[in-house]
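Presented below is the structure to which this report refers.
None of the values given here were measured: they were computed from a predicted structure. Values below: all heavy atoms of this structure, side chains included; hydrogens, waters and symmetry mates excluded.
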Amino acid sequence: MQENIYAAPEADLTNTNEDAVQPAFYIVSPAKFWTLYFFTFSLYGLYWHFKNWKQYKIAYDDDSPMPIMRAIFSIFFTHALFGVIDVRLKDKGKEFSWNPNLWATVGVVALLVSRFIDRFTASGSFTTAIEFAPIPLMIVYGFVLFKAQRAINISCNDPDGRSNSNITLANCVWIFLGTIILILALIGIFLPDDFS
């Protein structure tokens, strides 16, 4: 019991968990990651890069990263992002088996090849079979980002991403829009030529 009954209650207000205040990177659960990635046709990757650079900028009080530009030009900044994720893992003494440079290279190559095929299929230079090659490349890129996401979650003491596992209203809007685009794409693929 306190000596002075009129004194304000004393409490320890120091936070020993720095990640509870501001995680260094964007934490997300595996189920939410894959749901948003597939329903946005990998456009979630842009948001993923943006959020990670934004969190990094805030957590490390670093003015140099421009999150929007680093997301738009993620091909040039993927290696840097994976590198700082790896540094965070090592600083926190966390064990995670990965080669950040190799994973970043695989992701960049998958993105570049996918963009290259998209450009040339639009001009009619490739056959129909190659037109579908960006789909497996999109999946490869998703696995690359997911590997980095697992490293992020571990480095931020939330291996299962429970702090960001709920689907929000904004997520539902993106899922709805992605579903509409998917339906329209399927109609375009399977609609007979005489209807177009």
Side-chain angles (χ1 to χ4, degrees), residues 22-59 65-86 88 96 98 100 102-119 121 131-156 158-186 188-189:
Q22 183 63 53
F25 296 103
Y26 175 58
I27 299 169
V28 66
S29 71
K32 184 174 180 176
F33 174 90
W34 285 114
T35 300
L36 294 173
Y37 187 79
F38 280 116
F39 277 101
T40 61
F41 300 101
S42 77
L43 288 176
Y44 178 67
L46 284 172
Y47 179 75
W48 185 88
H49 278 276
F50 167 75
K51 283 295 286 184
N52 277 303
W53 282 116
K54 184 177 177 187
Q55 292 290 115
Y56 174 83
K57 182 176 182 170
I58 294 168
M66 296 188 310
I68 292 174
M69 298 306 289
R70 289 192 179 207
I72 293 170
F73 299 105
S74 61
I75 288 174
F76 302 110
F77 295 103
T78 301
H79 284 82
L81 179 59
F82 284 31
V84 294
I85 293 167
D86 195 50
R88 167 80 177 184
F96 186 70
W98 78 321
L102 177 64
W103 280 96
T105 301
V106 169
V108 168
V109 168
L111 227 79
L112 287 173
V113 172
S114 176
R115 300 288 190 260
F116 177 78
I117 291 171
D118 280 342
R119 295 275 186 246
T121 54
E131 289 178 2
F132 292 101
I135 294 171
L137 291 170
M138 178 185 81
I139 294 169
V140 168
Y141 186 63
F143 276 107
V144 167
L145 295 185
F146 183 66
K147 184 75 169 182
Q149 185 62 59
R150 288 181 54 218
I152 288 168
N153 290 353
I154 290 169
S155 76
C156 293
D158 191 356
D160 297 326
R162 290 188 179 155
S163 62
N164 187 13
S165 59
N166 296 330
I167 301 291
T168 64
L169 180 62
N171 299 150
C172 289
V173 169
W174 285 109
I175 291 169
F176 176 73
L177 292 174
T179 304
I180 290 175
I181 292 169
L182 176 63
I183 291 168
L184 292 174
L186 290 174
I189 290 171

Would you check if [X] and [Y] make a side-chain contact, meaning some heavy-atom pair closer than 4.5 Å?
X	Y	value
L43	W48	no
L112	F116	no
R162	S29	no
I85	W98	yes
F143	V106	no
H49	F77	no
I72	F50	no

Return the [atom1] to [atom2] distance between [X] and [Y], rounded to the nearest 0.5 Å.
X	Y	atom1	atom2	result
W103	K147	CH2	NZ	5.0 Å
K51	I152	NZ	CD1	12.0 Å
F73	M66	CZ	CE	9.0 Å
I180	I175	CD1	CD1	12.5 Å

key: Check: W34 ring centroid to F146 ring centroid under 6.0 Å   =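 Yes.
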query = Is atom CZ of F33 surrounded by more than 12 heavy atoms (other residues, nucleotides or ligands) closer than 6.0 Å?
reply =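 Yes, CZ of F33 has more than 12 neighbouring heavy atoms, counting only those of other groups under 6.0 Å.
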I75, CD1 atom: more than 12 neighbouring heavy atoms under 6.0 Å =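 More than 12 heavy atoms, drawn from other residues, nucleotides or ligands, come within 6.0 Å of this atom.
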Give the minimum heavy-atom separation between [X] and [Y], together with the two atoms involved.
X	Y	result
A110	V140	CB-CG1, 4.0 Å
P23	A59	O-CB, 3.9 Å
P65	W53	CB-CE3, 4.0 Å

task = Walk me through it: do F41 and L182 pass the test side-chain contact (heavy atoms from CB on, under 4.5 Å)?
result = CA-CA 9 Å; F41 300 101; L182 176 63; 3.5 Å; yes
[X] side-chain N/O to [Y] backbone N/O, donor-acceptor pair under 3.5 Å:
X	Y	answer
K32	N166	yes
S114	L111	no
Y37	G142	yes
N52	F25	no
N171	L36	no
D86	G83	no
T78	S74	yes
N164	I27	yes
Y56	L81	no

query = Going through the checks in order, is the side-chain contact (heavy atoms from CB on, under 4.5 Å) test met by T179 and F39?
reply = CA-CA 7 Å; T179 304; F39 277 101; 3.5 Å; yes
inquiry  = For Y47 and W174: C-alpha separation, side-chain torsions, deciding distance, then whether side-chain contact (heavy atoms from CB on, under 4.5 Å) applies.
reply    = CA-CA 12 Å; Y47 179 75; W174 285 109; over 6 Å; no
request  = Dump the intermediate steps for side-chain contact (heavy atoms from CB on, under 4.5 Å) on Q149 and L145, then the final yes or no.
outcome  = CA-CA 6 Å; Q149 185 62 59; L145 295 185; over 6 Å; no
